Amino acid sequence: MQELLVPGSVALVSAKSKSAKRNHGGFTVRNWREADDLLRAGIDEVLVGLSGRAAVDVVFGISDTGADDDIKRAFQTLSSLLGKSCADGFWLHSPTCGFFDEEDGYDDAEGIKQRRQMVASHMLEHYYGKAKRTLLRNRALLERLAAALAEKSYLTSKDIAQLKQGVPLKTPDYL
């Protein structure tokens, strides 16, 4: 899913947990690019964080309540991005920064916080929709990736590139 939303970002994905204590879940080794654009990197992180919930919604038609931590992290990332944009001098007269109020020139901290939360909530909905639409558009590839992962239990970036081109993976002779 991550590879569909942020192409080139997956180095390895495994269906097996790294922990001996857990018998469920897997992990992804990310291949993040150098972050020249911190805003873009933050949005990529949000999209990746929302991808699991969006995939469950696309495949099963239900909302994954187990993804609440992912939603919380995505919301916190968006809130942080809004705060950094304000602190770095962007949007100085924006309602989400609060440095200027039309009535008296200043704003209270609680009002700023409420507006940032509102904007972050709208952004969260937007990026969840974007993640879901991307997965829907690429449903066939999503199915190929899931099937290959179930068969092999791991995929490398080379495997993912091959599947993206529509070329099936070869089963090694030793299996």
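Just so we're clear, the structure is a prediction, and the values are computed from it rather than from any experiment.
Residue T156 holds its OG1 atom at 8.5 Å from CD of Q162, rounded to the nearest 0.5 Å. Rounding to the nearest 0.5 angstrom, the gap separating the OG atom in S153 from the CG atom in L149 is 7.5 Å. In this structure, CE in M123 is found 6.5 Å from CG in L81, a value given to the nearest 0.5 Å.
Side-chain contact between V10 and L155: absent, with no pair of heavy atoms (C-beta onward) separated by less than 4.5 Å. Taking the side chain as every heavy atom from C-beta outward, L78 and Y127 approach each other to under 4.5 Å. Under the 4.5 Å side-chain criterion, counting only non-hydrogen atoms from C-beta, L5 is not in contact with K130. Using a 4.5 Å heavy-atom cutoff, the side chains of H122 and M118 are in contact.
Here the options are K170, K152, K164, the test is salt bridge (Lys or Arg N to Asp or Glu O under 4.0 Å), and the partner is D159; only K152 passes.
The side chain to side chain donor-acceptor pair (under 3.5 Å) check on Q117 picks up nothing, with sequence neighbours excluded. Evaluation of the salt bridge (charged side-chain N to carboxylate O under 4.0 Å, His left out) rule for D68 yields R53 as partners, not counting sequence neighbours.
Cluster membership for V167 and L169, using ILVMFWY side-chain heavy atoms within less than 4.5 angstrom, is not shared.
Using a distance-only test at 3.5 Å, with no hydrogens or angles considered, no donor-acceptor pair links the side chain of R116 to the main chain of S79. Not one N or O on the side chain of E45 forms a donor-acceptor pair closer than 3.5 Å with the backbone of T77. At distances below 3.5 Å, not a single donor-acceptor pair connects side-chain atoms of D57 with backbone N or O atoms of A54.
Here the closest heavy-atom approach between residue R144 and residue L163 is recorded as NH2-O, 3.0 Å. The nearest pair of heavy atoms linking L135 to V58 is CB-CG2, 4.1 Å. Annotation for H126 and R133: closest pair O-NH2, 4.3 Å, computed over non-hydrogen atoms.
Here D70 pairs with R73 in a salt bridge; the nearest charged N to carboxylate O distance falls below 4.0 Å.
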